[in-house]
Each structure stands twice: as C-alpha cells, then as structure tokens.
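Proteins get letters first, then strands, A, B, ... in listed order; numbering begins at 1 in each.
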Amino acid sequence: MAKKQKTFKPKARLPRGFGDRSPSDIRATDEMVAKIRKVYELYGFDPVETPMFEYTEALGKFLPDTDRPNAGVFSLQDDDDQWVSLRYDLTAPLARHVAENFQNINLPYRTYRNGWVFRNEKPGPGRFRQFMQFDADTVGAPGVQADAEMCMMMADTMEALGIARGDYVIRVNNRKVLDGVMEAIGIGGDEDADKRLSVLRAIDKLDKFGTEGVSLLLGEGRKDESGDFTKGAGLNGEQTKQVIAYIETGDVDGNEGVTELANIDKLVRAAGYDEDRIKIDPSCVRGLEYYTGPVFEAELLFDVTNEKGQKVQFGSVGGGGRYDGLVQRFMGQAVPATGFSIGVSRLMTALKNLGKLGAEEALAPVVVCVMDRDTESLGRYQKMVQSLREAGIRAEMFQGNPKNFGKQLQYADRRGCPIAIIQGADERDKGEVQIKDLLEGKKIAAEIESREEWTEARAAQFPVPEADLVAEVRKVLNRYCGDAV
RNA sequence: GCAGCUGUAGCUCAGUUGGUUAGAGCGCCGGAUUGUGGAUCCGGAGGUCGAUGGUUCGAGACCAUCCAGCUGUACCA
C-alpha cells in the first residue's frame with residue numbers, strides 16, 4: 001500500500017506578457033510584413049538587421065543595479081561579466097550599427113528592418129513584453145524633407161495594408177514647439193525640468209482623458225477608476241489655461257519648430273497628401289527623451305471589437321521622429337537621423353479584427369486514411385500522399401493510432417480537412433480509392449438523426465480509379481477554394 | 001511602484017451561518033461501434049481547494065503574511 005509517489009509537476013503556463021502565436025497569427029503577420037516591405041522598398045530603403053542582444057550601455061541604459069537589475073529591459077551578464085540586454089526598440093541598435101560601421105556607410109543611409117523587441121515591464125491588454133516592430137530610418141539627412149517623407153511613407157503603408165483613407169491619420173508635431181510653449185508659461189529653466197516632463201506627459205494623454213483630464217493632470221492631479229490618485233504637474237490656473245489653449249490652437253510665437261512644421265506641411269501637401277492623411281497636431285508628444293525635432297504618430301480612427309465583445313480604441317500603431325543626438329553618443333560627431341517604427345503585433349490584431357488579414361486561411365491538408373497496417377500497404381498510402389504533394393496539394397497520411405477507423409475521420413473532421421482518402425482491401429482489389437468529401441458530408445450530417453443512418457449512408461463519398469486520384473481530388477478542392485490549388 | 005478585484009480539475013465555474021469522502025458542465029481517454037465524422041448512452045483518469053502560519057473539536061470557507069493573475073493608474077528609452 002505504498003503511497004503514490006509524488007513527482008514534480010510543473011505548471012504549464014506562459015511567462016506573463018508573452019504569447020504563443022497561432023497559425024493564423026503567423027500567416028497574418030507574414031502577409032503584413034510583406035506588404036510593408038514592398039512600400040519601403042519602393043521608397044528606396046534597403047533591409048539591414050541587427051541582433052536581439054546589445055551591450056547594455058550601447059542601448060543607452062544605465063548599467064543594471066543590484067536592486068533591480070532588469071528594470072525596463074531584460075538584462076543578463078555574459079560569461080565575461082559584461083552586461084548585455086535584449087533590445088527594447090530597433091532605433092538604438094541601428095544607431096550603434098551606424099556608429100560602428102560609419103566608414104563604410106554611404107550617407108544618407110536609408111534602411112528598414114523588422115523584428116522582435118522586448119520590454120521588461122507590466123503587460124496590459126494588448127501590450128506584451130515581446131512584440132514585433134517594423135522600422136525605417138534615414139541617417140545623415142538633416143532637412144525636414146526627410147521627416148516629411150517618413151510621414152508620407154507611413155501614410156502609404158497604412159493604405160497598403162488595406163486601411164481606408166479616413167480610417168487613419170498621421171499626426172505630426174515638433175518637440176521644439178512644445179519646448180517653446182513651456183518657455184512661454186515660465187517653466188523653461190533648469191529648475192523646472194521635472195515639471196516640464198510632467199506637462200509633456202499630461203499633454204500626451206489628451207486622447208485618453210480628454211481636455212478635462214489633461215487639465216487636472218496639469219494642475220493638482222487626477223483620480224483613476226480604482227480611486228488611486230495621480231499627482232499633477234502643479235501648474236497654476238493661468239498656466240494650465242495657456243497650455244490647453246496651445247493644444248487647441250497650436251499657436252506659439254516666433255518658434256523655429258513652428259517654421260519646421262509649416263515646411264513639412266507644405267512638402268506633404270505639394271506631394272498630394274491632404275489633412276485627412278497627414279495632420280499637424282499640437283497634442284502629439286511621443287517619446288520624451290531622445291527626439292530632437294519633428295515627431296509623428298500613426299493613429300487608427302476606427303473602433304475595433306475585441307474577442308470579449310468590447311469596443312476598443314486602438315489609437316497609436318506606430319510613431320517616430322527626429323533623433324539627431326543618438327548616433328552622436330557613440331562618436332562625438334553630430335549625425336542627424338529620422339525614422340519611425342510600426343507596432344506590427346498591435347496593428348495585426350486590429351487588422352485581423354477588421355477582417356483585412358487572414359481572410360483566406362490555408363486549406364487544411366487532405367488526409368489519407370490507414371486501413372491495412374502491414375508495411376506494404378503503408379507504403380502504398382504514403383505513395384498516394386506523395387503524388388498529391390507533387391501536384392502541389394497539402395496532404396498527409398494519418399499518423400495516429402489507426403486501430404479505430406472512426407478516429408481517423410474524427411481527426412480529419414476536427415482539423416477541418418476537406419477530403420479523406422480511403423482504400424481498404426475491397427477498393428484495392430478493384431484498383432480504386434474512395435474520395436470522401438468531408439465538407440459536403442458535414443452539411444448532410446445536420447439532417448441525419450440516427451447513427452446507423454449516418455454510418456450506412458457513407459455521405460458524400462465516391463470511388464474513383466486509383467490512377468485518377470490526383471485529378472479527382474483537385475476537382476473537389478476547386479469547389480472550395482477556386483484557384484488556390 | 002500605487003490602487004481595486006480575483007485565486008477550487010486541462011478550461012469555465014458551483015460549494016449554504018465553519019461540519020462526514022470537495023461537485024457540475026465542457027474537454028480528454030476507453031467502450032457501445034476492429035470499414036466511416038455529428039448526435040446519444042455507459043465507464044474512466046484527472047485536485048497538495050495559490051502558499052505558509054494562526055483561530056477552532058473541526059477550515060475550501062474565518063484571520064495574518066506572502067505569492068500569482070486580472071483591471072485601472074504611474075513609468076516606458
């Protein structure tokens with residue numbers, strides 16, 4: 001009566017913030033990436049990739065301290081004790097690449113890349129700790145025409161992905177303008193650096209909380225849904241009023257940034273991009289540290305219903321801006337650059353819900369059933385499968401336990417297979433195979449009451465000469481997916 | 001980080017004021033049916049009740065601490 005031995009049983013669970021990718025997610029992503037790449041290639045950009053790991057200091061992070069060695073980024077110590085980190089975006093690694101290969105790079109340097117990036121922070125709905133970005137950058141182009149082109153390319157990409165004009169907008173602003181506003185309300189000095197940061201963060205939340213919420217955040221602070229209090233920037237009433245007025249009008253006196261924005265505006269209009277595609281927007285803030293001039297953001301304007309049936313505003317699906325200081329970190333020499341990233345994972349979810357992707361699911365394979373289990377027969381089944389594959393038809397031989405024939409059809413049914421091929425001794429003697437149209441049979445099954453009736457009917461099934469197998473299978477498949485096979 | 005909510009089978013959940021051996025549906029496996037998918041019927045496996053400590057004759061339930069998850073918020077290069 002020995003007690004049952006306890007063995008360690010790990011819980012099957014994903015690390016939080018990470019997700020497995022389904023066949024349809026992978027196919028949808030591939031489809032998207034191909035479309036984006038096509039646009040970037042048209043604009044004359046070339047692919048360049050960097051690895052997922054970089055030295056932590058190259059990413060511009062402080063070395064991890066002993067208390068929280070992974071704050072924000074995933075970091076680990078290499079066997080030579082040097083800290084390395086998983087990249088958290090594609091821009092910082094590109095700056096490293098440019099600085100390291102500066103001699104061999106022909107400026108302006110126009111490149112794109114897509115890949116996984118990692119952020120070690122709390123995940124939320126639609127926010128993961130691993131996600132894919134698609135990035136394009138022009139390095140060595142100081143003028144606003146490079147920024148204008150980025151905006152145009154973003155707009156073209158949205159449309160190439162099937163997002164209708166009017167369902168997206170590229171919002172453009174300039175960090176210099178925002179700095180000018182803060183100077184105007186008297187918080188331009190070094191002693192107010194923290195306050196400026198709070199003000200920028202407050203403005204950035206306009207689409208989330210509205211003018212009212214932003215006013216609260218600029219002033220005393222704001223209570224969230226759970227009742228927790230967020231401290232505000234501490235501006236007085238008059239200052240708050242001025243900031244709100246700026247957000248609503250975009251007016252700032254005599255500012256270099258305003259001129260730059262006006263030039264971008266002229267450029268994109270001249271190129272045929274109207275306000276419904278690229279729009280100057282004073283509330284667009286974006287990344288607070290490294291941007292030095294124009295910033296831009298791609299926003300989806302439609303609601304999406306998620307799997308729980310709730311309406312969700314997707315909002316920003318990509319953004320970027322000018323980062324003239326990032327390469328300089330490595331070289332001392334100023335190297336202007338501008339670029340943007342698209343959040344592929346986020347955008348993919350939105351497009352899938354919209355029905356713009358994965359409409360044509362790959363058809364499940366034809367299954368060749370196993371009736372006789374002797375080696376010779378198995379070889380014959382495998383040969384049928386091969387002939388189907390050679391004709392470009394997805395096919396497989398049943399690989400499970402073939403003892404119970406019903407299980408084989410159950411398997412095929414659950415996978416959504418269109419056809420099962422059956423050949424037992426009876427058919428073989430006649431030189432035939434049975435083609436069973438499972439999709440047609442499913443329709444018939446709905447009208448049948450008893451199992452006996454169903455079993456006897458051998459629904460939607462017909463014999464063909466073995467030599468005609470491929471042609472007959474193709475005939476049935478064409479009924480379901482036309483030209484796909 | 002802060003705040004709110006929630007942890008019971010693979011999944012979704014029930015479990016009465018604290019009371020015997022912790023249940024259901026779905027899913028899974030086997031059988032009815034060794035040559036035919038769905039439906040039906042029968043049987044089976046699957047649980048340290050998130051963890052530890054406490055209160056109690058007795059805790060899945062009550063208390064404390066911790067952990068995890070979800071939601072909001074903050075941070076986000």
Would you call the rings of [X] and [Y] parallel, tilted or perpendicular, where under 30° means parallel and over 60° means perpendicular?
X: A/F340; Y: A/F296; result: perpendicular
X: A/F18; Y: A/F74; result: tilted
X: A/F398; Y: A/Y411; result: perpendicular

query = Do any of residues 373-380 of chain A sit with a heavy atom less than 4.0 Å from RNA chain B, and if so which?
reply = none

Please pick, from [options], the nucleotide with the shortest atom-to-atom distance to any side-chain atom of [X].
X: A/Q461; options: B/G72, B/A77, B/U36; result: B/U36
X: A/F405; options: B/G35, B/C2, B/G37; result: B/G35
X: A/R201; options: B/U73, B/U36, B/C75; result: B/C75
X: A/V73; options: B/A74, B/C75, B/A77; result: B/A77
X: A/K442; options: B/A74, B/G37, B/G72; result: B/G37
X: A/D413; options: B/U73, B/G38, B/G35; result: B/G38
X: A/K205; options: B/A77, B/A74, B/G35; result: B/A74
X: A/D426; options: B/G35, B/G72, B/A74; result: B/G35
X: A/M371; options: B/G38, B/C76, B/G35; result: B/G35

task = Using the P atom as the reference point in each nucleotide, state the distance between B/G37 and B/A14 in Å, no decimals.
result = 37 Å

task = Provide the distance between the two C1' atoms, one in B/U6 and one in B/U21, to the nearest whole Å.
result = 29 Å

Verify the contact: side-chain N or O of [X] to OP1 or OP2 of [N], cut-off strictly under 4.0 Å; return yes or no.
X: A/Q408; N: B/U36; result: no
X: A/R16; N: B/G69; result: yes
X: A/K122; N: B/C2; result: no
X: A/R414; N: B/C28; result: yes

Decide, yes or no, whether a salt bridge links [X] with [Y] under the criterion of side-chain N to carboxylate O below 4.0 Å.
X: A/R171; Y: A/E297; value: yes
X: A/D372; Y: A/R380; value: no
X: A/R196; Y: A/D179; value: no

[N] pairs with which nucleotide, Watson-Crick or G-U wobble, both distances below 3.5 Å?
N: B/C28; result: B/G44
N: B/A64; result: B/U52
N: B/G23; result: B/C13
N: B/A77; result: none
N: B/G38; result: none
N: B/G4; result: B/C70

Please report, rounded to the nearest Å, how far the [atom2] atom of [N] is from the [atom1] atom of [X].
X: A/E54; N: B/A77; atom1: CD; atom2: C1'; value: 14 Å
X: A/D228; N: B/A74; atom1: CG; atom2: C1'; value: 8 Å
X: A/Y411; N: B/C28; atom1: OH; atom2: C1'; value: 17 Å
X: A/Q410; N: B/G30; atom1: CD; atom2: C1'; value: 13 Å
X: A/K223; N: B/U73; atom1: NZ; atom2: C1'; value: 14 Å
X: A/L439; N: B/G38; atom1: CG; atom2: C1'; value: 14 Å
X: A/E440; N: B/G37; atom1: CD; atom2: P; value: 17 Å
X: A/R129; N: B/C76; atom1: CZ; atom2: C1'; value: 14 Å

Answer with base, sugar-phosphate or nothing: what part of the nucleic acid does [X] contact at a heavy-atom distance below 4.0 Å?
X: A/K443; result: nothing
X: A/R87; result: nothing
X: A/N401; result: nothing
X: A/E121; result: base
X: A/A460; result: nothing

task = Would you kindly check whether a donor in the side chain of A/E427 faces an acceptor in the base of B/G35, or vice versa, at under 3.5 angstrom?
result = yes

ask   = Is a donor-acceptor pair below 3.5 Å formed from side chain A/K436 to base B/U36, judging by atom type as modelled?
value = yes

query = OG1 of A/T138 to CG of A/D147: how many Å apart, nearest 0.5 Å?
reply = 9.0 Å

request  = To the nearest 0.5 Å, tell me how far A/E260 CD sits from A/R175 CZ.
outcome  = 12.5 Å

inquiry  = Reading RNA chain B from 5' onward, which residue's closest nucleotide shows up sooner: A/F209 or A/F118?
reply    = A/F209

request  = May I ask you to test the A/W116-A/L86 pair for a side-chain heavy-atom distance under 4.5 Å?
outcome  = no

